[in-house]
Student: 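One structure coming up, written as structure tokens, with questions to follow.
Remember, it's 1-based here, ligands and their atoms both numbered in the order they're listed.
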Amino acid sequence: MNVRVGSPGKTRICPHCKTTILESASVCPGCNHHLRFDPKAIAESRARATFSALRVEGAFRNPEGVDSWEYSVVVSIRNDRGEEVGRKVIGVGALDPNEGRTVTMSVDVFAPQGPK
Ligand SMILES: [Zn+2]
């Protein structure tokens, strides 16, 4: 069985957090809400191979005894030709002295199962 839910890359808006997500997602990667309760669709979604393409984590800290810092977290996506196809400011904020943040960025890949 190789039935597709829509076409690859098709998106929709999560009704819970309003993030743009894949139409094929059964769980929103932004807010972790379950989006479909159709058992057939959920079983189909689980049958698809899923892997984490990358996961990067880093921490930064404002050392004690200096003024507050400001930071912005930006993620950009480029295609094979180096052209930017997506760019988003994920969050901004301030760090008081001796305060830190840890940023984690992950990419999940969903591949259809079975022969073409
Ligand atoms: Zn959501």
Student: Does the side chain of Asp108 reach to within under 4.5 Å of the side chain of Ser52, using non-hydrogen atoms?
Tutor: yes

Student: Is any N, O or S atom of His33 under 2.8 Å away from the Zn ion (ligand 1)?
Tutor: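 Checking the Zn ion (ligand 1) against His33, no N, O or S atom falls under 2.8 Å.
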
Student: Is the Zn ion (ligand 1) less than 2.8 Å from an N/O/S atom of Cys28, whether that atom is in the backbone or a side chain?
Tutor: yes

Student: In terms of relative ring orientation, are Phe60 and Tyr71 parallel, tilted or perpendicular, with 30° and 60° separating the classes?
Tutor: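 Taking Tyr71 first and then Phe60, their aromatic rings stand perpendicular (interplane angle over 60°).
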
Student: List the atom of Glu64, the atom of Pro97, and the distance in Å for their closest heavy-atom pair.
Tutor: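 Heavy atoms only, the tightest pair is CA-CB, 4.4 Å.
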
Student: Just to confirm my numbers, could you give the angle made at the Zn ion (ligand 1) by SG of Cys17 and SG of Cys14, rounded to 10°?
Tutor: 110°

Student: Can you give me the closest heavy-atom contact between Pro29 and Ile21, atom names plus distance?
Tutor: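 Nearest heavy atoms, Pro29 then Ile21: CD-CG2, 3.8 Å.
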
